[in-house]
Amino acid sequence: MQDKYTPASIEHAAQEHWEKTAAARAVEDVARPKYYCLSMFPYPSGKLHMGHVRNYTIGDVLSRFYAMQGYNVLQPMGWDAFGMPAENAALANNVAPAAWTYANIAHMKQQLQALGFAIDWQRELATCAPDYYRWEQWLFTRLYEKGLVYKKLGTVNWDPVDQTVLANEQVIDGRGWRSGALIEKREIPMYYMKITAYAEELLSELDNLSGWPEQVRLMQKNWIGKSVGVRFAFPLADDPDEKLWVFTTRADTIMGVTFVAVAAEHPLAARAAANNPELAAFVAECKQGGVAEADLATMEKKGLPTGIFVSHPLTGEKVEVWVGNYVLMSYGDGAVMAVPAHDERDFAFARKYGLPIKQVIAVPDETFSLDGWQEWYADKNRGVCLNSGPYDGLDYSRAVDAIAADLAAKGLGEKKTQFRLRDWGISRQRYWGCPIPIIHCPKCGDVPVPDDQLPVVLPENVEITGAGSPLSRLPEFYECKCPKCGGAARRETDTMDTFFESSWYFLRYACPDNATAMVDERVAYWCKGGIDQYIGGIEHAILHLLYARFFTKLMRDAGLIGDLGEPFANLLTQGMVVAPTFYREGENGKKQWLNPADVDVSTDEKGRPTGATLKADGQPVIIGGTEKMSKSKNNGVDPQALIDQYGADTARLFIMFASPPDQSLEWSDAGVEGAFRFLRRLWKLVHDHVQNGVTAVCASGDGLSAAQTDLRRKLHQTMSKVADDYGRRKQFNTAIAAVMELLNACDKTDLSGPAGRALAQEALESAVLLLFPIVPHIGQALYGELKPGADACRAAFPQADPAALKQDEIELVVQVNGKLRGAIRVAVDADKAAIEAAALANAEAVKFMDGKAAKKIVVVPGRLVNIVV
RNA sequence: GCCCGGAUGACGAAAUCGGUAGACGUAGCGGACUUAAAAUCCGCGCCCGCAAGGGGUACGGGUUCAACUCCCGUUCCGGGCACCA
């Protein structure tokens, strides 16, 4: 055995061995329980960043741990390969998106392999490959025929200078990121997925996802946003046959309505604007700016009266219609009733424009003042109706029932369940995505592409200009024949949202080689009961995970995957790896993001950054916020330097030791050295032991000294702890700390003599196996040295021996009035009375009881005694 | 703005179900070994106080024999907000 730990050669040898023995190959085997361990596949942005290393190391630790527990493990990997960055790279560097993407895949695959992940590469897939996306085109046409895909107008960000649609990310402070032009909203026809048809099931099944973090279930629940309320109509004062519909969850406040607000896009707004130039200007102003909800919600609330009046459905009173920039056309009917007395936003609006405020819910006298309003809203107070005629004195639910009944009797409304969730618009006016398989025929309308003409292949020889969709400039792509009538037709040139690809890739991993079907019976084996573990960033808590759940239900109902309704049985949401951002501002205010590796930061004595300069020119740069590592902010830290210097095991160990996986981690490589030192120390311990000859392991505690017995107990306690940390808690930093503690204890114990050496053998073999899931390369090498001819990949995970865990005496802490005063040793099976007596006899306890009698004694078994005086 | 999280030594963190706050590691300081350096090993390390003791887990309250942990309020930081992935 070599005396020096040399990661490069050790890792090379281990990887070669795994390759030769096909250690990561997953083969269906009904005789063994399966464990499908899935990590979110990466976007091939160029190189791995620390977030990837963290994500895939967690997956690999779990995969290897469950393999050691006897499971048949599947750990696949692929590439979420369509998306905007490829087009941006094409613009910036004049490379074809396909070539750029495939080059990135090749590089990142090699990086993943260098990290030693036990991935079954035979199942690798890339979503930009026609043999992958053809199946989603196929599914799309099925869903189109079922009415689960439909076409309607949708609002997009329009850049009037570049004449192109922009993503929300490309709109900065209301301007296009390339052109700097003021962005406008524009309505265009798009295809939508009817996710709202599944809203109820997506919501109710959250309760069954016990393997998901509560936080994620709550976010999804709020996103779906089921609310039961009343949808009702205000007849127009001039023309009672025409009605303005609204939805409210607070029908009990209907008698307090003092105005109605509609979105700028609402037909009534357009009608009023026709002969009101001021209003027309306001409606036009509302069209400025992007469509992102965060921007809309933080805008200053503005409005203008339309001069149109409606009648209150219950009182007949005239109420004016306003246009409000805070009313969303995409939610409900694009109009809301306003009750300034009992809604914070309506209140602010009414105050701003001097509109009447009419209180209709009783509030406690002491809080009743206009200034007290705000506080009161925050409580979501639901009081009893007041100033509400026939409804006075009714509480919330009685009032809502009575009002809904009265509205229904007039044919003006009814109770309605409404969801916040909207249908999913999937059309993108971009090139690097999966073509939507529809043909537009002047005679037959929209015709889905027939199966025998799939896939609609995305052409790769295109010119990216940043203006408009390249496909719509490519006659050889869009000119086609109608599949129905054979006449000249035009192919759809929009592509699909890339969330489409990532909504079902985990099913395709089960059967990536199937050329004749989207999925096959192998899904039933690997996905039975759901994928056993899904691991990925918390930033995907809503959209991706919701779409993946939706797709699984769609595919189930299409008869493709049996009764599998929920894809992920257990979910681990990894905290983000965040890093500081740095930038400089260009001439037109555009930000040029600089990588942290290229920047020097100066700090004050407290470690707070005071300034930063670019290494290349020594000139100052602006310090941005600390954000998740991303391509767009250029703050990803490349792990390659770390791997090159210390090896994959150190990188893996360090990132697992740095913090628990669900916590966000601000990147700093301080401490990497320590992880490497630990591995070197482990190597040396094994080396020194092996130099004196390996032995059989200590099979029982016989012949051990007291100190050795204690060590052996600690060893077996560590086995339990580490298995619990990996399997149940999924907290790897404490598992590593436990093994470090064990090795510290080994150092402090005399392990000479035959019994001691057998114990050392047992401790070292165990420690190597306990760490194997995290640092498999060094583990492979050391285990082979400790047990010549043995393969760590085939070893079982160490299991604690209950006999070794036995203890006769334990220490209990003694408190007086909750303050720590002393400690006592008692027999492990001592009863309460004996423990109390021992505690009362403790010298420190006696001192602090100060002669007073114990009022109460609390005994916490195995922990402490608290004497209350 | 709305929804969801987080905050503990100089730093990353631990304390798993309300029960010894700071395990484990980093950086630092002191020592051993060495001609020296590196490496390695040993020790010290929250604050006030001579001590006894007291205080301390972002901040302000509360519940409890006992609170980092539960409740109410606040501040700051992060994620998501439907076209970044």
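Just so we're clear, the structure is a prediction, and the values are computed from it rather than from any experiment. Letters go in sequence order (proteins before strands), and every chain restarts at 1. Just so it is clear, the values below take in all heavy atoms, side chains as well, and ignore hydrogens, waters and symmetry mates.
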> Between rG5(B), rC83(B), rA13(B), spot the one nearest the side chain of S659(A), thanks.
rA13(B)

> Which nucleotide in the list rG79(B), rC81(B), rA23(B) gets nearest to the side chain of E293(A)?
rC81(B)

> Counting only side-chain N and O atoms of R428(A), is one of them less than 4.0 Å from OP1 or OP2 of rC83(B)?
yes

> Have a look at D724(A) and say if it touches a base, only the backbone sugar-phosphate, or nothing, with a 4.0 Å heavy-atom cut-off.
base

> Any side-chain N or O of N222(A) under 4.0 Å from OP1/OP2 of rC4(B)?
yes

> Closest to the K819(A) side chain: rG55(B), rC83(B), rC4(B)?
rG55(B)

> Under 3.5 Å, is there a donor-acceptor pair between the T734(A) and D725(A) side chains?
yes

> Kindly check if the number of other-residue, nucleotide or ligand heavy atoms within 6.0 Å of NZ (K684(A)) is above 12?
no

> Checking one value: the base orientation of rC65(B), syn if chi is within 90 degrees of 0, otherwise anti.
anti

> Give the rounded distance in Å between these two atoms: CG of N168(A) and C1' of rC84(B).
9 Å

> Just checking V165(A): base, sugar-phosphate only, or nothing, at a heavy-atom cut-off of under 4.0 Å?
base

> Using a heavy-atom cut-off of under 4.0 Å over every strand shown, decide if A292(A) touches base, sugar-phosphate, or nothing.
sugar-phosphate

> Can you figure out which of rA82(B), rU40(B), rA13(B) approaches the side chain of R680(A) most closely?
rU40(B)

> I want to verify a distance call: between rC81(B), rC83(B), rG25(B), whose nearest atom is closest to the Q429(A) side chain?
rC83(B)

> In Watson-Crick or G-U wobble terms, both distances under 3.5 Å, what is the partner of rG25(B)?
rC11(B)

> So K684(A), base contact, sugar-phosphate only, or nothing? Heavy-atom distance under 4.0 Å.
nothing

> At under 4.0 Å between heavy atoms, what does H544(A) touch on the DNA or RNA strands: base, sugar-phosphate, or nothing?
nothing

> Of the candidate nucleotides rA85(B), rG5(B), rC83(B), which contains the atom at the shortest distance from the side chain of Q215(A)?
rG5(B)

> Using a 4.0 Å heavy-atom cut-off, does Q663(A) contact any base of the nucleic acid, only the sugar-phosphate backbone, or nothing at all?
sugar-phosphate

> For rG49(B), which nucleotide in any strand shown is its Watson-Crick or wobble partner with both distances under 3.5 Å?
none

> Strictly below 4.0 Å: does T498(A) bring a side-chain N or O up to OP1 or OP2 of rA85(B)?
yes

> On a heavy-atom basis, which atom in T164(A) and which in G466(A) lie closest, and how many Å separate them?
CG2-O, 3.7 Å

> Taking the side chain of P660(A) as its heavy atoms from C-beta onward, which of rC81(B), rA13(B), rU40(B) lies nearest to it?
rA13(B)

> At 4.0 Å (heavy atoms only), tell me whether T298(A) reaches a base, stays on the sugar-phosphate, or touches nothing.
base

> Determine, using ring centers only, whether F500(A) and F82(A) are less than 6.0 Å apart.
no

> Roughly how many Å apart are rA52(B) and rC65(B), using the P atom of each and rounding to a whole number?
30 Å

> Between C1' on rC24(B) and CD1 on I774(A), what's the gap in Å once rounded to a whole number?
13 Å

> Establish, with yes or no, whether the OP1 or OP2 oxygen of rA15(B) is under 4.0 angstrom from a side-chain nitrogen or oxygen of Q731(A).
yes

> Can you measure from CG (D295(A)) to CD1 (I183(A)) and round to the nearest 0.5 angstrom?
11.5 Å

> Just N and O in the side chain of R729(A): are any of them under 4.0 Å from OP1 or OP2 of rA15(B)?
yes

> Base, sugar-phosphate, or nothing for M193(A), non-hydrogen atoms under 4.0 angstrom?
nothing

> Over all strands shown, is Y43(A) touching base, sugar-phosphate only, or nothing at heavy-atom distances under 4.0 angstrom?
sugar-phosphate

> So what does R677(A) touch, heavy atoms closer than 4.0 Å: a base, only the sugar-phosphate, or nothing?
sugar-phosphate

> rU64(B) and rA13(B): how far apart are their C1' atoms, nearest whole angstrom?
28 Å

> Checking one value: the base orientation of rG9(B), syn if chi is within 90 degrees of 0, otherwise anti.
syn

> Is the distance between the ring centroids of Y646(A) and F654(A) under 6.0 Å?
no

> Look at the rings of H540(A) and H544(A) and say which category their plane angle falls in: under 30° parallel, 30 to 60° tilted, over 60° perpendicular.
perpendicular

> Assign G425(A) to base, sugar-phosphate, or nothing according to its heavy-atom contacts below 4.0 angstrom with the strands shown.
sugar-phosphate

> Within this structure, what is the CG-to-C1' distance between D850(A) and rG53(B), rounded to whole angstrom?
14 Å

> Would you compute the distance between atom CD1 of I774(A) and atom CE of M656(A) and round it to the nearest 0.5 angstrom?
7.5 Å

> Taking the six-membered ring for Trp, are F349(A) and Y326(A) closer than 6.0 Å centroid to centroid?
yes

> Under 4.0 Å, counting only non-hydrogen atoms across every strand here, what does Y331(A) touch: a base, just sugar-phosphate, or nothing?
nothing

> Round to a whole Å and report the spacing from CZ of F654(A) to P of rC24(B).
18 Å

> Please work out if R821(A) contacts a base, only the sugar-phosphate, or nothing of the nucleic acid, heavy-atom cut-off 4.0 Å.
sugar-phosphate

> Check every atom of rA82(B), rA85(B), rG79(B) against the side chain of R422(A) and return the nucleotide holding the closest atom.
rA82(B)

> Suppose we define a pair by two distances each less than 3.5 Å, Watson-Crick or G-U wobble; what does rA38(B) pair with here?
none

> With R428(A), which of D494(A), T498(A), D497(A) fulfils side chain to side chain donor-acceptor pair (under 3.5 Å)?
D497(A)

> Please determine if D747(A) and R681(A) form a salt bridge, counting it only when a charged side-chain N lies under 4.0 Å from a carboxylate O.
yes

> Could you check whether K721(A) gets within reach of a base, just the sugar-phosphate, or nothing at all, counting any heavy atom under 4.0 Å?
base

> Write out a two-atom table: protein N or O, nucleotide N or O from nucleotides 19-22 of chain B, distance below 3.5 Å.
unit_1, atom_1, unit_2, atom_2, d
rG19(B), N2, N866(A), ND2, 3.4

